[in-house]
Amino acid sequence: MTAGWKGFLKQVAWSLPVAIAFTDCIACVIRVDGQSMQPTLNPDPDSRDWVLVEKVTYKLFHRYKRGEVAVFWAPDDPHQQLVKRMIAVEGDMVWEEGKRMPTRISAGRCWMEGDNPHSSGDSRNLYGPVHLGLLEGRATHVVWPPSRMQRLPPYVPPGRVVEDEGDSLARALAYKPEASWPQLHTAAARTARVGSKALSSSAAAARGAQLLLPMQRVSMHGMRLLFTEPSASVLHQTGAEYAGEQEQGGHGCAL
């Protein structure tokens with residue numbers, strides 16, 4: 001074997017482990033298949049996007065941000081990687097279509113959804129909250145084809161997520177039955193945030209109270225809250241009316 005070949009093989013032997021470590025821990029480029037992330041990714045059925053996946057934020061610093069496009073290992077297939085959007089993180093509550101109460105994201109998990117709900121198997125309909133240990137990295141940019149080169153900014157659909165900060169107040173108020181309705185209204189309006197976007201005061205108060213009431217079996221001064229949409233009205237009912245509904249088999253809280 002000539003000296004030239006020996007030098008080449010030596011260089012490969014040194015560079016190969018470095019390349020593997022870089023793609024495993026720092027960053028890599030992957031191809032995105034399927035239609036679950038349309039129109040954000042693969043808007044053209046005849047073309048496939050290639051994205052840059054940055055891994056340091058998740059693997060080293062363990063920082064997870066709502067709205068990021070994330071790459072993770074499928075909970076039901078350890079050999080398949082998926083690309084979805086991280087809608088909620090641990091401690092948040094997610095509102096799902098057709099459900100009267102939100103889903104709480106437990107510690108060490110997150111909620112993943114595809115941008116195209118009609119072609120996506122995700123946390124909504126397949127595997128529920130995803131363990132953070134399955135996260136591989138976050139897709140930050142589309143790098144190919146050239147006409148599609150762009151940054152992938154975080155995005156959370158409005159009205160889907162009650163962040164942990166607002167819910168912590170609701171939990172605190174749950175243990176203060178002496179709190180008056182104006183106090184509840186003001187505090188919830190200041191802290192209840194949905195999808196990082198402030199609600200109107202009445203809607204925020206209704207959302208905060210909707211989190212609070214199921215946590216306790218006793219009524220708060222016989223208060224009854226009715227929540228429908230973000231523009232919903234908040235109704236106050238006296239303790240006598242509340243007790244009357246309970247005797248007639250009513251639930252006392254329409255959500």
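Hydrophobic clustering, with ILVMFWY side chains joined whenever heavy atoms are under 4.5 angstrom apart, groups F22 together with F61. Put simply, I30 and V69 are part of the same group of oily side chains (I, L, V, M, F, W, Y) that touch within less than 4.5 Å, one to the next. No continuous path of hydrophobic side-chain contacts links V53 to V29 [ILVMFWY only; heavy atoms under 4.5 Å].
The shortest side-chain heavy-atom distance between W95 and V162 falls under the 4.5 Å cut-off. Side-chain contact between V89 and I105 is absent, with no heavy atoms from C-beta onward closer than 4.5 Å. When side chains are defined from C-beta on, R148 counts as touching P43, because their heavy atoms get closer than 4.5 Å. When side chains are defined from C-beta on, M86 does not count as touching V156, because their heavy atoms never get closer than 4.5 Å. Proximity of D92 to R66: side-chain heavy atoms (C-beta onward) are separated by under 4.5 Å at one or more points.
In terms of modelled atom types and a separation under 3.5 Å, the side chain of S119 and the main chain of N116 share no donor-acceptor contact. Using a distance-only test at 3.5 Å, with no hydrogens or angles considered, a donor-acceptor pair links the side chain of R48 to the main chain of P45. For S123 (side chain) and M112 (main-chain N/O), a donor-acceptor pair under 3.5 Å exists by modelled atom type. In terms of modelled atom types and a separation under 3.5 Å, the side chain of N125 and the main chain of S120 share a donor-acceptor contact.
The two residues R109 and P129 have their closest heavy-atom pair at NH1-O, 3.7 Å. Residues P102 and M93 share a closest heavy-atom pair of CG-CE, 3.4 Å. Contact detail for A139 and V51: the closest heavy-atom pair is CB-CG2, 4.1 Å. Heavy atoms only, all atoms of each residue included: G121 and Y127 are closest at O-OH, 3.5 Å. Minimum heavy-atom separation, A88 to V94: CB-CG2, 3.4 Å. Summarising the geometry of K55 relative to C25, their closest heavy-atom pair is CB-O, 3.6 Å, with the distance given to 0.1 Å.
Annotation: the span from L82 atom CG to L126 atom CG amounts to 9.0 Å, rounded to 0.5 Å. Note that the CG atom of L132 and the CZ atom of F72 stand 11.5 Å from one another [nearest 0.5 Å]. In this structure, OG on S147 lies 8.5 Å from CG on D44, to the nearest 0.5 angstrom. Note that CG of N42 is 8.5 Å distant from OG of S36, once rounded to the nearest 0.5 Å. Going from atom CZ of R151 over to atom CG of L52 covers 12.5 Å, rounded to the nearest 0.5 Å. In this structure, H118 NE2 and Q38 CD are separated by 11.5 Å, a value rounded to the nearest 0.5 Å.
When each of D49, V142, T40, V143 is paired with Q150, the side chain to side chain contact (heavy atoms under 4.5 Å, CB included) condition holds for V142 and for no other.
Note on R85 versus D115: salt bridge recorded, some NZ/NE/NH1/NH2 to OD/OE distance being below 4.0 Å. Comment: E96 does not engage R160 in a salt bridge, judged by the lack of any side-chain N to carboxylate O separation of less than 4.0 angstrom. The pair K84-D122 does not meet the salt-bridge criterion, since no charged nitrogen lies less than 4.0 angstrom from a carboxylate oxygen. Between K65 and E68 there is no salt bridge, since none of the side-chain N atoms of the basic residue sits less than 4.0 Å from a carboxylate O of the acidic one. A salt bridge links E113 and R124; the closest N-O separation between the charged side-chain nitrogens and carboxylate oxygens is under 4.0 Å.
Ring orientation note: the planes of Y58 and Y64 are tilted relative to one another, at an angle of 30° to 60°.
A search for side chain to side chain donor-acceptor pair (under 3.5 Å) contacts involving T57 returns E54, R138, not counting sequence neighbours.
Side-chain atoms of W73 and Q80 form no donor-acceptor pair, as typed in the model, at a separation below 3.5 Å.
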Pair R31-W50, side chain to side chain contact (heavy atoms under 4.5 Å, CB included): steps then yes or no: CA-CA 4 Å; R31 187 184 70 179; W50 289 74; 3.6 Å; yes
Trace of the side chain to side chain contact (heavy atoms under 4.5 Å, CB included) decision for L152 with T140: CA-CA 5 Å; L152 296 173; T140 60; 6.0 Å; no
